[in-house]
Amino acid sequence: MKLKRPYYLQPDVVKLAKDLLGKVLVSKTGNFLTSGIITETEAYNGIIDKASHAFGGRRTNRTEVMFAEGGISYVYLCYGIHNLFNIVTNVKDIPHAVLIRAIQPLKGEKHILQRRNAKALNKNLCVGPGKVTNALGINREHNALSLNGNIIWLEDDNIKPKDILIGPRIGVDYAGEDAKLPYRFWVEKI
DNA sequence: CGTACGATCTGCT
DNA sequence: GCAGATCGTACGA
């Protein structure tokens with residue numbers, strides 16, 4: 001069951017980030033279909049969140065996509081090497097986003113292994129935001145892409161995670177007090 | 001135009 | 001556990 005527009009327009013990005021655990025992220029990049037169950041997310045709470053690229057209402061070529069209506073991708077380059085995949089949420093002009101930090105491979109395992117340059121599945125194969133995009137073949141060409149299209153989308157396969165863990169976000173020490181906010185959600189086992 | 005640095009990963013020790 | 005990779009983006013001059 002593909003997630004549709006209203007899902008992405010939800011006003012509470014923190015709640016939505018938590019709800020995304022257990023949803024399935026699907027990509028049809030290249031000629032392969034690959035997918036994974038989302039097991040770790042982080043919420044970025046718009047203009048009042050010092051850790052967000054859109055903090056203070058900052059609108060640039062890069063962040064502009066965050067100000068669009070929810071239901072599209074925001075892919076950007078981090079540390080000059082890694083593509084990080086985010087889901088833009090909420091209505092137009094409210095720049096909320098959820099970073100997908102980890103998945104558990106579901107479909108296209110063979111292609112995921114190939115992209116990750118690995119021989120076999122292991123616990124940390126797709127744990128880490130750069131690994132997720134690598135595994136699914138997502139890069140900056142997939143920025144600002146509608147999640148209602150047929151390249152990247154999300155599905156609700158009725159997987160209900162339990163034992164959800166909550167903690168501060170990773171790598172946002174520069175955000176002062178906001179670095180401590182409990183905006184990261186993950187599950188050890190699905 | 002120049003500079004500083006980042007929502008990270010990997011491989012080596 | 002730690003350093004190195006590596007470059008787009010943001011911002012100030």
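A note on names: the letters A, B, ... follow the listed sequences, proteins ahead of strands, and every chain is numbered from 1.
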**Study point:** Proximity to DNA chain C (any heavy atom under 4.0 Å), residues of residues 78-94 of chain A only
**Key:** A:Y79, A:G80, A:I81
Review point. Just checking, A:R101 and A:F185: is the charged tip under 6.0 Å from the six-membered ring centre and within 45° of the axis?
Key: no
**Study point:** Cationic tip of A:R140 above A:Y76 ring, under 6.0 Å, 45° of axis
**Key:** no
Rounded to the nearest angstrom, tell me the gap between atom [atom1] in [X] and atom [atom2] in [N].
X      : N      : atom1 : atom2 : value
A:E64  : C:dA10 : CD    : P     : 11 Å
A:F55  : B:dG6  : CZ    : P     : 16 Å
A:Y76  : B:dC5  : OH    : C1'   : 13 Å
A:K131 : B:dG11 : NZ    : P     : 10 Å
A:R169 : B:dT8  : CZ    : P     : 11 Å
A:Y174 : B:dA7  : OH    : P     : 4 Å
A:Y74  : C:dT9  : OH    : P     : 9 Å
A:R59  : C:dT9  : CZ    : C1'   : 17 Å

Check your understanding: Do A:T41 and A:I100 come close enough that some side-chain heavy atom pair is under 4.5 Å?
Key -> yes
Check your understanding: Tell me, do A:M66 and A:T89 make a side-chain contact under 4.5 Å, heavy atoms counted?
Key -> no
Salt bridge [X]-[Y], side-chain N to carboxylate O under 4.0 Å:
X      : Y     : value
A:E177 : A:K50 : no
A:D12  : A:K18 : no
A:E155 : A:K23 : no

Among the candidates [options], find the nucleotide nearest to the side-chain atoms of [X].
X      : options               : answer
A:P129 : C:dG8, C:dT9, B:dC9   : B:dC9
A:T60  : C:dC11, B:dT10, B:dT8 : C:dC11
A:R58  : C:dG8, C:dC11, B:dA7  : C:dC11

Check your understanding: More than 12 non-hydrogen atoms from neighbouring residues, nucleotides or ligands closer than 6.0 Å to NZ on A:K2, yes or no?
Key -> yes
Practice item. Step through the shown structure and confirm whether more than 12 heavy atoms of other residues, nucleotides or ligands are within 6.0 Å of CD on A:Q114. Key: no
Exercise for review: Describe, in one word, how the ring planes of A:H111 and A:F32 are oriented to each other, choosing from parallel (under 30°), tilted (30 to 60°) and perpendicular (over 60°).
Suggested key: parallel
Check your understanding: Should A:R184 be listed as having a side-chain N or O under 4.0 Å from OP1 or OP2 of B:dA7?
Key -> no
Point to revise | Phosphate contact (B:dA7 OP1 or OP2) by A:H53 side-chain N/O below 4.0 Å | key: yes
Review point. Reckon A:R62 touches a base, only the sugar-phosphate, or nothing at all at heavy-atom distances under 4.0 Å?
Key: sugar-phosphate
Review point. Hey, does A:R116 reach any base, or is it just sugar-phosphate, or nothing, if we go heavy atoms under 4.0 Å?
Key: sugar-phosphate
**Study point:** For DNA chain C, stems built from three or more consecutive Watson-Crick or G-U wobble pairs below 3.5 Å
**Key:** B:1-6 with C:7-12, B:8-12 with C:1-5
